[in-house]
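Here the structure comes first, spelled out in structure tokens, and everything after it is commentary.
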There are 2 protein chains.
Amino acid sequence: MTRVEQRRRTETRILTAARQLFGEQGFDRTTIRAIATRAGSDPGLVMRYFGSKEKLFAQAAAIPADGPIEGSPEQIAEQLIAALTEKLADEPTAALAALRAMFTHPEAAEEVRAAMAAQQQQVAAQLSGDDALVRSGVIGALTLGLVISRHLVRLDGLDASPAELMAVAGPLIEELTTGSTEPGHN
Amino acid sequence: MTRVEQRRRTETRILTAARQLFGEQGFDRTTIRAIATRAGSDPGLVMRYFGSKEKLFAQAAAIPADGPIEGSPEQIAEQLIAALTEKLADEPTAALAALRAMFTHPEAAEEVRAAMAAQQQQVAAQLSGDDALVRSGVIGALTLGLVISRHLVRLDGLDASPAELMAVAGPLIEELTTGSTEPGHN
DNA sequence: TCATTCGGTCTACATGTGTTGACTGAAAGG
DNA sequence: CCTTTCAGTCAACACATGTAGACCGAATGA
């Protein structure tokens with residue numbers, strides 16, 4: 001087996017193991033030794049290939065960017081619902097690591113905040129009413145709450161199929177995007 | 001100063017410092033030494049008074065139980081909205097520790113899950129429709145998402161006043177409790 | 001007043017962690 | 001074929017942490 005190929009395989013195994021463990025236990029409770037063991041490798045090698053635990057985490061917990069969101073409020077709602085349905089699908093190991101580490105690891109917190117803020121700005125720009133930012137924020141909060149409740153907390157009713165969940169949550173998002181409170185305070 | 005009084009004061013200072021630090025940094029990143037320092041005390045004393053870091057955390061991160069929730073769907077909605085408004089108020093240091101530790105500390109996770117499940121069961125029991133459990137679960141998820149987004153993530157639009165937030169989120173809860181999807185699947 | 005309790009402080013230990021560096025053997029390439 | 005490179009392994013170090021125990025001085029109570 002050629003050397004570059006071998007190296008690539010090992011790096012992949014380490015990265016996969018890191019993603020799993022960071023996602024299962026968070027940053028602090030995950031040790032380099034545990035990652036190496038699960039990857040069938042060695043702590044020293046992990047360090048040599050990724051530099052430090054921090055750098056390894058940065059690579060493992062990168063959040064894949066959502067596609068752009070634009071159009072009329074109805075189209076916005078449609079895209080948000082599609083995106084959320086995807087996030088509720090099973091085994092989203094990619095963002096799980098960042099999500100779990102978010103509360104104890106400052107960099108992960110920034111990662112998540114940035115990802116959420118980006119989507120929120122896009123949505124708010126298309127909504128009318130002076131509470132557009134609040135409404136888009138609530139959309140983000142609802143999304144975050146659903147993902148966390150399902151995948152991290154494993155809350156009782158949230159283990160239903162994505163379709164069933166969206167049958168309940170979908171109308172909420174539509175209401176948040178299209179149903180505008182009239183301008184002017186109460 | 002009498003001895004019992006002195007002891008009570010010191011214990012209180014330690015418990016307060018513990019709540020703050022656990023809430024700010026989570027369980028793993030909070031050290032006994034840091035707690036002792038913030039409390040103007042000593043690590044050994046913390047151990048002697050609380051037994052272990054685990055026991056101290058258990059006392060510091062106990063979640064105050066919500067009052068019972070019951071009545072017609074309209075009354076349910078009203079009570080849920082009142083409870084959420086309270087949770088969105090500023091400085092909820094009590095549950096913050098448990099909330100932040102939830103994702104890395106198994107016991108804290110159980111604590112939060114139990115608290116949420118309890119409320120969820122009460123709500124679901126009063127709702128009609130065969131998706132009652134899902135709807136009450138989504139209520140819990142929305143609540144969790146809002147609290148986390150506001151206090152932990154500090155998401156952009158969520159720094160509005162509780163009143164403004166509830167003007168947006170309130171109708172969602174009403175819809176989830178009163179607006180029932182008709183029995184029978186789609 | 002004198003012995004005792006106990007809040008408080010200090011030091012030390014065992015352990016687990018990230019990280020480093022030396023070493024080994026096989027692939028690479030002239 | 002011989003030298004160089006490099007993936008992989010092993011042992012060790014420096015450090016932080018939870019925890020235990022010795023010690024000191026003031027409040028307590030007989």
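Letters A, B, ... are given to chains in the order of the sequence lines, protein chains preceding strands, and every chain is numbered from 1. Just so we're clear, the structure is a prediction, and the values are computed from it rather than from any experiment. Quick note: numbers below take in every heavy atom, side chains included, and nothing from hydrogens, waters or symmetry partners.
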Distance-only donor-acceptor hits, side chain of residues 164-173 of chain B, under 3.5 Å, sequence neighbours excluded:
residue	atom	partner	partner atom	Å
B:Glu164	OE1	B:Ser161	N	3.3
B:Glu164	OE1	B:Ser161	OG	3.2

Let me have the donor-acceptor pairs involving side chains of residues 76-83 of chain A, under 3.5 Å, with sequence neighbours excluded, atom names and distances please.
residue	atom	partner	partner atom	Å
A:Gln79	OE1	A:Glu70	N	3.4
A:Gln79	NE2	A:Glu70	O	2.6
A:Gln79	NE2	A:Gln75	O	3.4

Go through it in stages, so that I can follow the logic: the residues are B:Leu146 and B:Lys87, the test is side chain to side chain contact (heavy atoms under 4.5 Å, CB included), and I'd like the CA-CA distance, side-chain angles, deciding distance and then a yes or no. CA-CA 9 Å; B:Leu146 284 170; B:Lys87 291 194 181 76; over 6 Å; no

Under the side chain to side chain contact (heavy atoms under 4.5 Å, CB included) criterion, do B:Val147 and B:Leu96 qualify, and how do the steps go? CA-CA 9 Å; B:Val147 172; B:Leu96 257 198; 5.6 Å; no

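You can see that DNA chain D meets the heavy atoms of chain B within a 4.0 Å-exclusive cut from D:dT17 to D:dT28, reading 5' to 3'. Heavy-atom contacts of chain B under 4.0 Å fall on DNA chain C between two terminal nucleotides, which in 5' to 3' order are C:dT5 to C:dA12.
Scored by the side-chain hydrogen bond (donor to acceptor under 3.5 Å, both in side chains) test, A:Arg8 finds no partners at all (sequence neighbours excluded). Shown here are the salt bridge (charged side-chain N to carboxylate O under 4.0 Å, His left out) partners of A:Arg33, two or more places apart in sequence or in another chain: there are none. For the side-chain contact (heavy atoms from CB on, under 4.5 Å) test, no residue two or more places apart in sequence or in another chain qualifies with B:Asp159. Residues meeting the side-chain contact (heavy atoms from CB on, under 4.5 Å) test with B:Asp42, sequence neighbours left out: B:Leu45. Remark: A:Arg7 pairs with A:Glu11 by the salt bridge (charged side-chain N to carboxylate O under 4.0 Å, His left out) rule, at least two apart or across chains.
Applying the side chain to side chain donor-acceptor pair (under 3.5 Å) test to every pair with at least one member in residues 105-115 of chain A, sequence neighbours left out, gives these pairs: A:Glu54-A:His105, A:Glu110-A:Arg113.
Among all heavy-atom pairs drawn from B:Ser52 and B:Met47, the shortest one is CA-CE, 3.8 Å. The minimum heavy-atom distance between B:Gln120 and B:Ser136, with the atom names listed, is CG-OG, 3.1 Å. Counting all heavy atoms, side chain and backbone alike, B:Arg13 lies closest to B:Ala39 at NE-O, 2.9 Å.
Non-hydrogen atoms lying under 4.0 Å from DNA chain D are contributed by B:Arg3, all within residues 3-11 of chain B. Contacts between residues 39-59 of chain A and DNA chain C, defined by a heavy-atom separation below 4.0 Å, involve A:Met47, A:Ser52, A:Lys53, listed by number.
When each of B:Thr2 and B:Arg29 is assigned the nucleotide of DNA chain D bearing its nearest heavy atom, the one mapping closer to the 5' terminus is B:Arg29. In terms of position along DNA chain C, the nucleotide closest to B:Arg13 lies nearer the 5' end than the nucleotide closest to the other residue of the pair B:Arg13 and A:Thr31.
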